[in-house]
Amino acid sequence: MAIDGKTCGLALSGGGFRATLFGLGSLWRLNDAGLLGKLDRITSVSGGSVVAGILAHSWHKLEFGDGKAANFAQMIALPVQELCERTIDIGAGLKGALTPFKSAGDYLRDAYAKHLFDKTKLRELPDASRPGNPKFIFYATNLQTGRSFRFRQDMLVDYILGVCSDTDVTLAFAVAASSAFPPVFSPIELETDPAMWSKGADLANIDRLRASIVLADGGVYDNMGLESLVDNADIVLVSDAGARMEIEEDPDSDIVGQMGRVRDILIEQTRALRKRWLVAEFEAQRKRGAYWGIGTRIEDYADAAFPFKDTTVTDALAKVPTRLARFDDDVRGRLVNWGYALCDVALRTRAKLAIAPATALPLPQWKLG
């Protein structure tokens, strides 16, 4: 697979169902441009992992022709939209709080299995070593090692723990771990056989760390899933639906409220640093690619021929709550359309890909202004 003779990877950020729908719009535009089937690597975090999981689960059913899947709307867009018509965070959170031997993260995994993935395992996803199949990488955060933990079709990876060849983990578990936002859904625990691991750090307790792994949302460490992408793809594409950090005039004074605010600030700082570094790499032409964020303004691209404009409607989309919960129909539709529109203009003006400009939105009933 190649775009302009080069390898290409896509990162889908976290941000609850806001990121799931915005990411769907990005994938939809890539598909319409004939680029989806040419991606070599797709990394994802949290809400981005939900849409990436649906894509991975149905990849073998997509009818590709020159990089474009003719049945994308049926196989990918429809199940994403159907899932996002549900509210799954409240039920999973309450059950986890009330059940002694099962966590909210476990119930989140069960919801993904019930509505999306059933018992599909990572090793059953399309083989990335075969032409036409991308590597799918789902990011979680290892609370023990303080590093990213990656679920792939062919292995599990942690910088400290090493590489594990056991991919009997279910896709539902991988997506749940990736979206186990603290403190409600984390921790979510993964048990593995230490004998299945290799490489890693030389630690006296390495086998104990490998046997029982404590995970949380991938966004705690890397909310855009960039780490395994930038060094493994010639063209780097980033769809970021991370929420803006809102100003709080009167921050909570209680311990729980303060810790939540501190957590959000630390995650936002990490995300902002990664974003600035990546954009600097693009601007210095050390890396080729494009970044589009939910708070990006179309006018920043200076594309006079582009038919879509910034409006109060598009400005409001960045403020949609970070929830695994149902939004109103118009919000869901506009999140998809906004991801589609921003992806289009970024691909053409930043990544310099030779594609025809979009002239219509995938869900035209939900106008952007």
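Because only heavy atoms are used, hydrogens play no part in the values below, and waters and symmetry mates are left out as well, while side chains stay in. Nothing here was measured: the structure is a model prediction, and the numbers come from that model.
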Can a salt bridge be assigned to the pair R123 and D168 using a cut-off of 4.0 Å between side-chain N and carboxylate O?
yes
So if you build clusters from Ile, Leu, Val, Met, Phe, Trp, Tyr with side-chain heavy-atom gaps below 4.5 Å, do I54 and L78 land together?
no
Is Y221 reachable from I160 through a run of hydrophobic residues whose side-chain heavy atoms are each under 4.5 Å from the next?
no
Less than 4.5 Å apart, any side-chain heavy atom of V345 and any of F308?
no
Do L342 and F22 come close enough that some side-chain heavy atom pair is under 4.5 Å?
yes
Dump the intermediate steps for side-chain hydrogen bond (donor to acceptor under 3.5 Å, both in side chains) on D222 and S148, then the final yes or no.
CA-CA 7 Å; D222 179 358; S148 69; over 6 Å; no
Can you give me the closest heavy-atom contact between D344 and A358, atom names plus distance?
OD1-N, 3.1 Å
Using side-chain heavy atoms (C-beta onward) and a distance below 4.5 Å, is V184 in contact with D89?
no
Considering only heavy atoms from C-beta outward, does the side chain of V163 approach that of R150 to under 4.5 Å?
no
More than 12 heavy atoms of other residues, nucleotides or ligands under 6.0 Å from CD of Q285: is that the case?
no
Would you sort out whether K68 and D32 count as a side-chain contact (heavy atoms from CB on, under 4.5 Å), showing the intermediate values?
CA-CA 6 Å; K68 178 178 180 178; D32 285 353; 4.0 Å; yes
Can you confirm whether E299 is buried at CD, in the sense that more than 12 heavy atoms of other residues, nucleotides or ligands lie under 6.0 Å from that atom?
yes
Classify the side-chain pair Y139/E227 by whether it contains a donor and acceptor separated by less than 3.5 Å.
no
If Ile, Leu, Val, Met, Phe, Trp and Tyr residues are connected whenever their side-chain heavy atoms lie under 4.5 Å apart, and connections chain through other members, are L55 and L30 in the same group?
yes
Could you tell me whether the side chain of M224 reaches within less than 4.5 Å of the side chain of L229, counting heavy atoms only?
no
Do R152 and D154 meet the salt-bridge criterion of a basic N to acidic O distance under 4.0 Å?
yes
Would a line drawn from the ring center of W292 to the ring center of Y340 be shorter than 6.0 Å?
no
Would you confirm whether Q153, through its side chain, and D127, through its main-chain N or O, come within 3.5 Å as a donor-acceptor pair?
no
Which atom of G23 lies closest to which atom of S239, heavy atoms considered
CA-OG, 4.1 Å
Check this for me: K309, atom NZ, are more than 12 non-hydrogen atoms of other residues, nucleotides or ligands nearer than 6.0 Å?
yes
Backbone N/O of V175 and side chain of S178: donor-acceptor pair under 3.5 Å:
no
Other residues, nucleotides and ligands only: do more than 12 of their heavy atoms fall within 6.0 Å of OH on Y159?
no
Do R326 and F17 come close enough that some side-chain heavy atom pair is under 4.5 Å?
no
Flag, side chain of T7 to backbone of D234, donor-acceptor distance under 3.5 Å
yes
Do W366 and L361 have side chains that approach each other closer than 4.5 Å (heavy atoms only, starting at C-beta)?
no
Which residue is it: R350, R288, R286? I am looking for the one with a salt bridge (Lys or Arg N to Asp or Glu O under 4.0 Å) to E281.
R286
Minimum-distance pair of heavy atoms, taken over all atoms of G242 and N223
CA-ND2, 4.2 Å
Measure the acute angle between the ring planes of F151 and F173, then classify it against the limits of 30° and 60° as parallel, tilted or perpendicular.
perpendicular
Quick check on the hydrophobic clustering: are L24 and L368 connected, directly or via other members, by side-chain heavy-atom contacts under 4.5 Å?
yes
Quick one: do K114 and D110 make a salt bridge, cutoff under 4.0 Å?
no
Say whether D315 and T312, considering side chains only, have a donor N or O and an acceptor N or O under 3.5 Å apart.
no
When every non-hydrogen atom of K135 is compared with those of A128, the smallest separation belongs to CG-CB, 3.6 Å
Over 60° means perpendicular and under 30° means parallel, so classify the ring planes of W59 and F136, tilted if in between.
perpendicular
Can you find a heavy atom in the side chain of L335 that is under 4.5 Å from one in the side chain of I294?
yes
Do you reckon I235 sits in the same ILVMFWY cluster as Y291, going by side-chain contacts under 4.5 Å, direct or chained?
no
Please confirm whether the backbone N or O of G225 pairs with a side-chain atom of T43, one donor and one acceptor, at under 3.5 Å?
yes
Those residues at least two apart in sequence (or on a different chain) that pass ring pair (Phe, Tyr, Trp, His ring centres under 6.0 Å) with Y112 are none
Could you measure the distance from the CD atom of E124 to the OG1 atom of T167? Nearest 0.5 Å is fine.
9.0 Å
Minimum heavy-atom distance F185-G93, with the two atoms named:
CE2-N, 4.0 Å
Heavy-atom pair with the smallest gap, counting every atom of S13 and A241:
OG-N, 2.7 Å
Any side-chain donor-acceptor pair under 3.5 Å between T145 and D158?
yes
Within a 6.0 Å radius of atom NZ on K95, are there more than 12 heavy atoms belonging to other residues, nucleotides or ligands?
no
Can you tell me if D40 uses its side chain to pair, donor with acceptor, with the backbone of C8 under 3.5 Å?
yes
Is it the case that atom CG in D66 sees more than 12 heavy atoms from other parts of the structure closer than 6.0 Å?
no
How about T322 and R18: does a side-chain donor come under 3.5 Å of a side-chain acceptor?
yes
